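Once you've had a glance at the structure underneath, I'll fire off some questions.
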Amino acid sequence: MEEESGLIKIRKDKLAEIRDELQINPFPYRYDVTNYTAEIISNFEDYSSSEKIVSAAGRIMTVREMGKASFCTIQDRDGRIQLYVAVNNIGEKSYRLFKKLDIGDIIGVKGTVKKTKMGEISIFITELTLLSKNIRPLPVVKEKDGEVFDAFADKELRYRNRHVDLIVTPGVKETFIKRIAIIKQVKQILDDKNFYEVETPVLQPVYGGASASPFTSRHRALDITLYLRISLEPYLKRLIVGGFDRVYEIGKCFRNEGIDRTHNPEFTMLELYQAYADFTDMMALTEEIIEKTAIAINGSTKITCDGSEIDLKTPWKRLKVSDALKEYAGLDVLAMTDDELKSELKNLGVEAKGDFIRGLAIDEIFKLRVEDKLVQPIFITHHPAETTPLCKPDYEDQRFLQRFELFINATEIANAYSESNDPIFQRKTLYEQSLRRAVDEEAPPMDENFVQAIEAGMPPTGGLGIGIDRLVMLLTGESSIRDVLLFPTMRPQD
RNA sequence: GAGACGCUAGCUCAGUCGGUAGAGCAACUGCCUUUUAAGCAGUGGGUCCCGAGUUCAAUUCUCGGGCGUCUCACCA
């Protein structure tokens with residue numbers, strides 16, 4: 001049992017008084033809510049002139065008690081409204097109840113809507129029903145003229161007690177409602193294009209589709225190790241083979257890595273696969289998804305992130321990795337010898353993992369020299385072939401891939417390929433990748449069943465992955481992934 | 001992984017050049033029938049993150065630990 005603070009004891013005593021002295025059930029079963037606070041305020045003229053009886057429910061957020069008449073404010077799903085609570089209007093017993101109520105209690109009220117002398121739209125209540133008694137006090141956050149006083153500001157407490165944060169911190173709930181709307185909008189765009197939304201296994205005997213350490217679990221009855229997926233790719237491609245010509249999934253992926261401003265161990269990915277398409281189709285689709293969603297959510301393609309003004313208006317710039325290195329770092333990597341690349345890496349302080357691999361070296365230099373300069377939306381294309389085994393080489397130059405990454409605000413937002421569908425090539429590249437486990441523990445193991453699926457014949461396919469959390473960060477202007485995750489991963493206390 | 005910073009009342013914070021601590025809000029009691037960061041008067045509330053060391057004495061100094069925030073690095 002947690003040790004009890006005095007404040008909780010006092011509230012428990014009040015709870016008992018409400019039950020025993022007033023003979024009121026503090027936790028009744030239901031309440032007929034016919035009005036939301038925001039809706040009452042927007043319909044004020046109608047409701048006040050017709051003297052309509054409104055019925056609303058919400059949590060008490062402020063109380064101003066004055067003898068025999070008082071004011072308080074309740075908060076419901078998307079707004080607040082002031083209540084005028086007078087003993088003449090609700091009677092002695094209800095007023096005695098009101099005096100025992102606290103900030104944080106949930107009540108139902110009925111009454112008419114009027115403006116007070118000070119001009120604030122209020123429900124002049126005639127009926128008060130306690131719906132739930134709070135016994136653990138909430139932080140009391142006050143506001144005047146948009147200025148917030150005594151904010152619930154400790155981020156650790158906010159993340160560990162998100163339920164409290166959602167109640168008392170202005171704007172938090174709105175961010176998550178935006179997140180919901182963003183996902184809904186993205187799905188709408190894909191559904192309109194006849195994509196099937198599917199669900200694939202989270203628990204997998206073999207993981208793949210990315211280079212990352214997995215979380216490991218154990219199935220007892222089967223006595224096998226199962227991994228939490230690190231990407232959606234391997235199973236979605238099996239569905240393309242299976243004849244679902246357009247599929248997508250928005251779901252959690254898990255990577256056993258560090259936590260920072262842009263990384264959480266579990267995060268939400270959108271991956272989609274479209275048969276008969278290539279990476280240029282994926283570029284067009286990416287532009288459409290993000291531009292349309294931005295307009296649907298913010299009414300504009302302009303956003304502000306970490307102080308940068310960014311315009312998501314399409315079309316976006318496209319630049320090959322090698323050209324980006326020329327433009328942003330002054331390096332002509334195509335003309336550089338291996339030794340020159342090695343020395344550049346050394347200058348950047350990178351230690352080689354295993355044998356020198358030219359393509360990986362170029363990719364590494366790109367990340368360190370170019371990525372943080374990519375603020376406006378840009379498709380970076382034609383990565384070195386060695387960076388992924390799952391993508392088709394470009395027909396013009398087999399050293400590079402038909403791949404792009406979308407960068408916005410110096411962060412990778414999307415990644416897409418013309419998917420590899422040559423089974424001979426695929427078996428070879430995946431096998432070679434599995435050998436890299438000797439020097440790179442994040443290289444995934446061989447997935448024989450996946451290769452057999454490709455051997456069954458996969459149509460030419462374009463694939464696209466979008467980090468949903470990062471997209472939400474962009475469109476809400478949040479700079480930490482924790483602020484767009486309802487319950488970010490935290491180390492437990494104690 | 002590195003560095004900086006933080007942890008004191010329910011919340012936001014101050015403070016103690018080493019002598020076990022304060023404010024505002026919240027809470028409690030009283031007054032108040034149009035308030036809105038309501039007001040007025042009064043009252044209570046603390047393992048000062050944990051442990052060790054130094055000291056007559058540690059919340060304060062030193063060391064170690066925990067947790068977090070931020071920045072950097074890593075994470076196709």
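The model shown is predicted, which means the values in this text are computed figures rather than measured ones.
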When you check the phosphate oxygens OP1 and OP2 of B:U36, does a side-chain N or O of A:Lys117 lie under 4.0 Å from one of them? no
Tell me what A:Tyr84 touches on the nucleic acid: a base, only sugar-phosphate, or nothing, going by heavy atoms under 4.0 Å.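 Base contact - A:Tyr84 has a heavy atom under 4.0 Å of at least one base atom.
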When we call it a touch if two heavy atoms are under 4.0 Å apart, what does A:Ala153 touch: a base, just sugar-phosphate, or nothing?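 Answer is sugar-phosphate: A:Ala153 comes under 4.0 Å of backbone atoms only.
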With A:Ser42, which residues qualify under side chain to side chain contact (heavy atoms under 4.5 Å, CB included), at least two apart?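 A:Ser42: no side chain to side chain contact (heavy atoms under 4.5 Å, CB included) contacts found.
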Spacing of A:Asn161 atom CG relative to B:G68 atom C1', expressed in whole Å: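 The answer, rounded to whole Å, is 13 Å.
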Closer than 4.0 Å, any side-chain N/O of A:Lys14 to the OP1 or OP2 of B:C28?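 The answer is yes; a side-chain N or O of A:Lys14 sits under 4.0 Å from OP1 or OP2.
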I'd like to know if A:Glu65 reaches the base of B:U35 with its side chain such that a donor and an acceptor end up less than 3.5 angstrom apart. no
Looking at A:Phe356, is A:Lys342 sitting on its ring face, NZ or CZ under 6.0 Å from the six-membered ring centre and within 45 degrees of the normal?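 Pair A:Lys342/A:Phe356 counts as cation-pi.
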Would you call A:Glu432 and A:Arg427 a salt bridge, using N to O less than 4.0 angstrom?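 Salt bridge between A:Glu432 and A:Arg427, a charged N being under 4.0 Å from a carboxylate O: no.
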Nucleotide of B:U12, B:C28, B:A76 approaching A:Asp102 most closely (side-chain heavy atoms): B:C28
Interatomic distance where CD1 belongs to A:Ile481 and C1' belongs to B:U71 [whole Å]: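 Nearest whole value for this atom pair: 18 Å.
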Lys/Arg-Asp/Glu bridge criterion (N-O < 4.0 Å) met for A:Lys14, A:Asp105: no
What's the closest nucleotide to the A:His263 side chain, out of B:C74, B:U69, B:A26?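 Within the option list, the nearest is B:C74.
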From A:Phe366, A:Phe400, A:Phe279, residue fulfilling ring pair (Phe, Tyr, Trp, His ring centres under 6.0 Å) relative to A:His382: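 When ring pair (Phe, Tyr, Trp, His ring centres under 6.0 Å) is applied between A:His382 and each of A:Phe366, A:Phe400, A:Phe279, only A:Phe279 qualifies.
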Checking contacts here: which listed nucleotide (B:A76, B:U35, B:C74) is nearest the side-chain heavy atoms of A:Glu120?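 Of all the options, the side chain of A:Glu120 is nearest to B:U35.
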Using a heavy-atom cut-off of under 4.0 Å over every strand shown, decide if A:Val87 touches base, sugar-phosphate, or nothing.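 It contacts base atoms.
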Take A:Glu266 and A:Arg255 through the test salt bridge (Lys or Arg N to Asp or Glu O under 4.0 Å) and record every step on the way to the result. CA-CA 7 Å; A:Glu266 57 178 293; A:Arg255 296 188 186 176; over 6 Å; no
OP1 or OP2 of B:U35 versus the side-chain N and O atoms of A:Arg64: is any pair under 4.0 Å? no
Validate the cation-pi geometry between A:Lys114 and A:Phe124: distance from NZ or CZ to the six-membered ring centre under 6.0 Å, angle to the ring axis within 45°.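 Checked: cation-pi criterion met.
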Check against salt bridge (Lys or Arg N to Asp or Glu O under 4.0 Å), A:Arg160 and A:Glu156: CA-CA 6 Å; A:Arg160 289 191 193 279; A:Glu156 177 181 1; 2.9 Å; yes
Which part of the nucleic acid, if any, lies within reach of A:Ser211 when heavy atoms closer than 4.0 Å are counted: base, sugar-phosphate only, or nothing?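 Base, at least one base atom sits under 4.0 Å.
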Rounded distance in Å between the C1' positions of B:A58 and B:C17: 14 Å
Using a 4.0 Å heavy-atom cut-off, does A:Ala151 contact any base of the nucleic acid, only the sugar-phosphate backbone, or nothing at all? sugar-phosphate
Mind calculating the distance between CZ (A:Phe149) and C1' (B:U36) to the nearest angstrom? 12 Å
Using a 3.5 Å limit on both distances, find every run of at least three consecutive Watson-Crick or G-U pairs that involves RNA chain B. B:1-7 with B:66-72, B:10-13 with B:22-25, B:27-31 with B:39-43, B:49-53 with B:61-65
Counting heavy atoms from C-beta on, name the nucleotide in B:A37, B:U69, B:C75 closest to the side chain of A:Met490.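 Of the options given, the side chain of A:Met490 lies nearest B:U69.
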Between A:Phe152 and A:Arg158, is there a cation-pi geometry (under 6.0 Å to ring centre, at most 45° from the normal)?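 Here A:Arg158 fails the 6.0 Å and 45° test against A:Phe152.
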Using the C1' atom as the reference point in each nucleotide, state the distance between B:C61 and B:G68 in Å, no decimals.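 The same atom, C1', in both gives a distance of 24 Å.
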Whole angstroms only, please: what is the CE-P distance between A:Met61 and B:G10? 19 Å
OP1 or OP2 of B:G68 versus the side-chain N and O atoms of A:Arg160: is any pair under 4.0 Å?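 For B:G68, OP1/OP2 do have a side-chain N/O of A:Arg160 under 4.0 Å.
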Can A:Lys373 be said to sit on top of A:Tyr328's aromatic six-ring, NZ or CZ under 6.0 Å from centre and within 45° of the ring axis?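 Ring-cation test returns no.
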At 4.0 Å (heavy atoms only), tell me whether A:Leu348 reaches a base, stays on the sugar-phosphate, or touches nothing.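 Nothing: the residue A:Leu348, judged by heavy atoms under 4.0 Å, touches no strand.
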A:Arg482 side chain near B:U69 phosphate (N/O to OP1/OP2, under 4.0 Å): yes
Integer angstrom distance from the P of B:G15 to that of B:A23: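 Comparing P positions in B:G15 and B:A23 gives a spacing of 15 Å.
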Using a 4.0 Å heavy-atom cut-off, does A:Asp154 contact any base of the nucleic acid, only the sugar-phosphate backbone, or nothing at all? sugar-phosphate
Give one of base, sugar-phosphate or nothing for A:Glu147, where a contact means two heavy atoms less than 4.0 Å apart.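 Here A:Glu147 touches no strand at all.
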For A:Leu7 and B:G44, give me the distance from atom CG to atom P, rounded to whole Å.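 Taking CG of A:Leu7 and P of B:G44, I get 15 Å after rounding.
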Rounded P spacing from B:G18 to B:U62 in Å: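 One P to the other, the span is 10 Å.
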Any base atoms under 4.0 Å from A:Arg403, or only sugar-phosphate, or nothing? Heavy atoms, all strands.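 Counting heavy atoms under 4.0 Å across all strands, the contact made by A:Arg403 is with sugar-phosphate only.
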Mind checking if A:Phe267 touches a base, just sugar-phosphate, or nothing, with heavy atoms under 4.0 Å? nothing
Looking at A:Lys155, does any N or O in its side chain come under 4.0 Å of the phosphate oxygens OP1/OP2 on B:G6?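 For A:Lys155, the contact criterion (side-chain N or O under 4.0 Å from OP1 or OP2 of B:G6) is not met.
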Whole-Å P distance, B:C49 and B:U60: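 One P to the other, the span is 8 Å.
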Listed nucleotide nearest any side-chain atom of A:Thr116, set B:U33, B:U34, B:A73: B:U34
Remember a base hit wins even if backbone is also touched, and classify A:Gln433 as base, sugar-phosphate or nothing at under 4.0 Å, heavy atoms. base
For the side chain of A:Pro139, counting heavy atoms from C-beta on, which of B:U69, B:C75, B:C11 is nearest?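 Of the candidates, B:C11 comes closest.
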Distance between the P atoms of B:A21 and B:G46, in whole angstroms?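 One P to the other, the span is 11 Å.
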Summary of salt bridge (charged side-chain N to carboxylate O under 4.0 Å, His left out) pairs that have at least one residue in residues 385-397 of chain A, sequence neighbours excluded: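 Checked against salt bridge (charged side-chain N to carboxylate O under 4.0 Å, His left out) - neighbours excluded - the pairs reaching residues 385-397 of chain A are A:Asp397-A:Arg399.
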C1' gap between B:C40 and B:A4, integer Å: 46 Å
Hey, which sits more toward the 5' end of RNA chain B by its nearest nucleotide, A:Met66 or A:Leu101? A:Leu101
A:Arg255 near the nucleic acid: base, sugar-phosphate alone, or nothing, with a heavy-atom cut-off under 4.0 Å?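 Nothing, no heavy atom under 4.0 Å.
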Minimum-distance nucleotide (side-chain atoms of A:Val140 versus B:A26, B:U71, B:U34):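 It is B:A26.
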Please give the distance between the C1' atoms of B:U16 and B:G10 as a whole number of Å. 24 Å
Determine whether more than 12 heavy atoms belonging to other residues, nucleotides or ligands lie under 6.0 Å from atom OH of A:Tyr431. no
Whole angstroms only, please: what is the CG-C1' distance between A:Leu138 and B:U12?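 For the pair A:Leu138 CG and B:U12 C1', the rounded distance is 15 Å.
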Quick one: label A:Glu143 by what it contacts on the DNA or RNA (base, sugar-phosphate, nothing), any heavy atom closer than 4.0 Å. sugar-phosphate
Proximity to the side chain of A:Ala69 - top-ranked nucleotide from B:A27, B:U33, B:A76: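 The listed nucleotide nearest to A:Ala69's side chain is B:U33.
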Of all the choices, B:C25, B:A26, B:U33, which nucleotide is nearest to the side chain of A:Ala86 once you look at every atom? B:U33
